[in-house]
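Naming convention: chains lettered A, B, ... in sequence-line order (proteins, then strands); numbering from 1 in each chain. Atoms considered below: every heavy atom in the structure, side chains included; atoms not considered: hydrogens, waters and symmetry mates.
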Amino acid sequence: MARIAILNPFFTTADAVSNDVFGMYTALKKSGHEVRVFANEWTTDGVGVLSVDNIQNFISHRDDILIYHYSMGWNVGLKIVQEANCRKVVKYHNITPPEYFAGISFDYENICRAGRLQLIDFAHLACDLYLSDSEYNMWELLLAGADKSKSFVVHPFHHIDRLHEIEPDATVLETYNGRTVNILMVGRVAPNKGHISLIEAFAAYHRKYNPDSRLLIVGKEPEHLESYSSSLRKLVSGLHIDSAVVFTGCVSDEQLKAYYLVADVFMITSDHEGFCVPLVEAMALKVPIVACASTAITGTVGKAGLVWKERNPHLLAESINFLVKNESLGAGLGLMGWQRYEQLYTNEKIEAAFLNALSNLT
Amino acid sequence: MQIDEINYPEIDVDQLMARIREVVERRGVDLSLTSKSSVSAVPGSVVSRSTLLLDLPSPPLTLSPEFDARTDGKYHVKDLLKYHDRDFVQHAYQAILKREPDERGYRHNIEMLRNGQFNKIDVLASLCFSAEGQKHGVKIEGLRTPSLIRRLGRIPLFGYFVRFTVALVRLPASIRSQRQSEAYVLAQLQAVNDHLNQTSAWIAEHLQKHGAALEELIRREGDTQEELKQAEDATGLASARVRQLSQILQQTREELIQQDAYLKSIGTETPGLASSIAQSSIPTSERRESWDSLYAAFEDQFRGDSKEIRERLKYYLPFFREAGKTTDILDLGCGSGDWLNLLRDEGLQARGVEVNTVMLDACRARHLEVIEAEMLAYLRGLPDSCMNVVTAFHLIEHIPFEAMLELFEEVRRVLRPGGLVMLETPSPENLVVAACNFYSDPTHHKPVYPHTLTFILKNLGFTDVRLQFLHPVEGSPFMDDDRLEPLHMWFYGPRDYAVIAAKA
């Protein structure tokens with residue numbers, strides 16, 4: 001039976017890319033394949049990660065399969081895919097366009113630029129399969145020149161099963177459960193996540209509809225993006241809503257679950273998302289969604305949330321008001337999200353789509 | 001829980017969003033107002049871009065008190081009469097019908113109120129006594145009597161007397177109400193006036209504060225087209241340059257790896273082989289430069305016509321087609337790249353290895369993929385089974401026997417099973433070549449006897465070893481007489497021969 005190597009620059013825990021790699025590994029292992037994960041660096045060894053230096057020996061036969069998880073610029077990875085004499089699969093996770101980091105982080109800007117440049121290289125490699133996290137990612141790949149007949153959408157594997165299993169953090173529940181309406185946003189504090197729109201919409205809701213409300217911004221604040229984080233805090237301060245906005249920083253899975261449980265509405269106004277796993281987490285935990293339409297968000301949410309084409313704070317604020325004021329409406333929308341999760345985004349559904357896509361390999 | 005066990009809500013998201021939009025529009029909110037995206041087109045602080053939008057001097061002006069919806073469905077008529085116009089209609093719907101007004105109902109009621117045909121009592125009564133209102137069962141204390149009087153007042157003739165009598169009886173109350181209304185309107189105007197003054201002061205202050213920034217933005221706006229064009233040009237150039245640099249970087253990295261491998265390896269070689277390779281491949285840079293130029297010039301003069309060489313090399317192409325090998329082709333000692341060029345023209349993906357810097361430059365000028373490295377060191381650095389074809393034309397006669405053996409071993413190791421090795425070298429069976437022409441090239445070491453070569457390859461485990469003599473000399477006077485055949489072979493026989501073998 002053909003051997004399968006999954007190649008990814010960095011493998012760790014609690015990271016969307018690594019969750020996806022782990023999911024692919026588990027699915028392939030379960031279906032009886034000889035599969036190994038190769039990486040340049042890794043912080044966890046749950047799957048027996050091997051150094052990238054050994055990959056050539058592992059996939060030496062023409063029938064072997066190399067799955068490259070493309071989520072950042074990595075010349076070594078590109079070269080290995082170029083030179084591999086076996087069947088090649090690229091899984092495209094998307095890379096944030098560098099423009100978002102201009103004037104904020106030179107390093108991030110350069111890393112993203114280098115990563116985006118490789119999109120054309122990968123698209124022209126004539127790989128045997130191109131798998132994309134979302135329709136939007138697939139569109140980017142096709143635009144770069146990938147073969148449409150070899151392109152499929154396979155949503156990323158995730159850690160939601162674990163979220164369902166674990167107990168929520170008691171301190172978070174105790175602190176934020178109560179009368180105050182909680183609006184939740186989950187995601188790295190980075191400029192592509194549209195925090196300005198988020199904060200402005202919340203300010204409009206807080207002022208006009210409900211001063212007893214709170215915005216919970218859950219997500220890591222990278223050191224290199226400190227100027228962006230501090231600008232957001234100044235914005236919050238300038239809008240006189242300091243006491244109503246909480247930046248939680250990086251949280252554990254238990255804390256994350258607790259934040260979803262106390263949330264009345266999940267609001268996301270990102271400018272650029274390749275898929276947006278937090279949306280699926282919100283759906284799985286039945287939190288109603290209010291969002292701005294951009295990149296992959298529209299496709300991920302579908303008709304299971306209020307997705308506005310306009311980035312208008314008043315529309316977003318009124319949407320929150322509708323969902324909060326009318327509890328059955330909020331709960332109903334939350335259930336519609338859960339239904340969409342069950343239909344499209346469970347790890348079982350993703351596994352089936354993944355194996356089905358791989359069956360197109362000749 | 002299974003999906004089909006759940007009783008799903010039927011929420012039409014589009015309809016819900018249309019309702020939300022309607023409510024927002026009714027408040028007179030400008031929906032063209034767009035919150036800033038995070039794209040940092042102009043480097044600068046997020047705050048400076050955002051506070052222009054929403055950092056208002058005070059909460060928005062509201063002229064009506066907040067509406068307090070009762071959960072028990074009981075109101076006094078005064079709870080609703082204190083609202084006016086749009087707010088009144090909206091709150092009346094919310095209180096009595098427990099929903100937002102529909103478009104038609106809203107327009108109708110506003111119109112009737114504004115043209116005087118309805119007063120607020122009429123609106124409340126029409127909602128309260130409608131079928132939908134009755135269904136909700138909301139009680140409005142103090143509505144029944146005035147509503148009855150209003151209805152009596154509409155009866156022809158009799159209604160006139162009713163209205164007249166009510167007006168007379170209510171005259172003192174009406175005058176008081178008129179005064180209250182006047183005071184209320186004046187107070188509202190005062191509030192509007194205060195708010196406008198406050199807003200104007202805030203705008204003036206912020207205009208002054210952000211004046212410089214605005215001017216800068218306007219100036220930038222003016223330059224945008226030009227900058228965009230420049231940026232587009234620069235991006236194109238930068239992309240091309242980045243690719244070029246990446247290629248160079250990749251080549252440099254490969255060369256460094258080879259050099260490193262080479263330096264490591266010469267420490268472990270037998271002294272004779274090591275010194276011979278070391279001497280031949282890494283002379284001082286000055287010597288090497290001059291030697292490279294000299295040898296390139298020599299090759300140029302003695303190797304023959306380029307066109308003819310290309311034709312001769314075409315002999316090997318069918319072997320590629322036959323074996324289906326199109327990629328991962330390595331040419332050792334690629335010279336100035338005639339063979340690589342032909343392969344590329346045929347759509348085959350190949351790279352060359354060469355030490356002569358002048359020839360390397362020639363290859364690069366033809367945009368061929370070449371690596372500057374000593375061939376044995378380069379081969380040692382390659383992983384097992386990574387090549388489909390290795391070619392070495394007029395190379396083995398340049399190296400000592402031990403090096404040749406190691407070369408074949410390395411070639412066998414890097415070839416994939418079924419991979420081909422193709423060699424070409426001068427044939428010593430032609431005596432003119434063996435005794436004379438061979439020595440025209442001062443870097444030639446020894447001629448290799450054809451059957452010795454095939455024997456070595458077979459012995460090293462290669463299969464399908466094929467020997468083919470090539471390039472006979474034209475104009476042989478010994479052709480017509482069989483007895484002179486040996487003479488023909490010795491003096492006019494093939495000048496070169498090829499050996500093609502496969503890895504088992």
Side-chain angles (χ1 to χ4, degrees), chain A residues 56-57 60 62 75 79 83 85 99-104 114 117 191-197 199-201 203-204 207-208 227-228 231-232 234-235 238-240 269-271 292 294 303-308 310-316 318-319 322 328-329 331-333 335-336 339 342-343, chain B residues 1-3 6-14 16-17 19-21 23-24 27 29-51 53-56 59-60 62 69 100 238-239 242-243 246 249-250 253 327-328 383-388 416-417:
Chain A
Q56 304 275 17
N57 294 333
S60 53
R62 189 181 288 276
N75 287 334
K79 190 164 181 279
E83 294 181 355
N85 184 37
E99 298 78 35
Y100 289 100
F101 298 101
I104 293 171
L117 275 175
N192 60 304
K193 301 281 182 184
H195 289 90
I196 301 173
S197 307
I199 292 167
E200 286 178 348
R207 278 177 180 167
K208 184 155 177 63
S227 67
Y228 176 67
S231 294
L232 294 180
K234 280 184 199 158
L235 169 64
L239 293 169
H240 311 299
T269 53
S270 294
D271 294 296
C292 285
S294 78
K303 291 286 179 193
L306 306 182
V307 183
W308 293 100
E310 299 98 325
R311 198 167 279 278
N312 182 292
H314 301 288
L315 279 176
L316 295 167
E318 186 65 59
S319 303
F322 256 66
S328 61
L329 195 63
L333 201 61
L335 269 178
M336 283 169 68
Q339 183 186 12
E342 287 286 326
Q343 283 171 346
Chain B
M1 199 184 293
Q2 294 300 309
I3 298 179
I6 311 274
N7 183 20
Y8 285 110
E10 289 294 331
I11 299 172
D12 184 331
V13 169
D14 292 329
L16 176 61
M17 289 172 74
R19 271 173 61 200
I20 293 171
R21 182 186 297 279
V23 171
V24 173
R27 289 211 186 90
V29 170
D30 178 9
L31 285 182
S32 64
L33 175 73
T34 302
S35 182
K36 295 287 176 190
S37 116
S38 301
V39 182
S40 179
V42 181
S45 120
V46 170
V47 175
S48 70
R49 281 180 280 135
S50 173
T51 44
L53 183 70
L54 257 186
D55 186 16
L56 298 175
T62 46
E100 294 294 323
S239 300
V242 164
R243 281 176 193 289
S246 303
L249 198 67
Q250 198 173 322
R253 196 178 294 136
T327 57
D328 296 330
D384 293 353
S385 306
C386 63
M387 287 290 160
N388 287 324
R416 296 192 178 100

The reported gap from OG in A/S319 to CE in B/M17 (rounded to nearest 0.5 angstrom) is 6.5 Å
When rounded to the nearest 0.5 angstrom, what distance separates CG in A/L306 from CD1 in B/I20?
5.0 Å
In terms of heavy-atom proximity below 4.5 Å to chain B, should A/L316 be classed as side chain, backbone, both, or neither?
neither
Where on B/D14 is there a heavy atom nearer than 4.5 Å to chain A: the side chain, the backbone, both, or neither?
side chain
B/R21 versus A/L315, closest heavy-atom pair with distance
CA-CD2, 3.9 Å
Rounded to the nearest 0.5 Å, what separates atom CZ in B/R416 from atom CZ in A/R62?
7.0 Å
Do you know which two heavy atoms are closest between B/I11 and A/L333, and how far apart they sit?
CD1-N, 3.4 Å
Can you measure from OG1 (B/T327) to CD (A/E83) and round to the nearest 0.5 angstrom?
10.5 Å
I want to check something: taking the side chain as every heavy atom from C-beta on, are A/H314 and B/R27 in contact at a cut-off of under 4.5 Å?
no
Which heavy atom of B/V13 sits nearest to which heavy atom of A/M336, and what is that distance?
CG2-CE, 3.9 Å
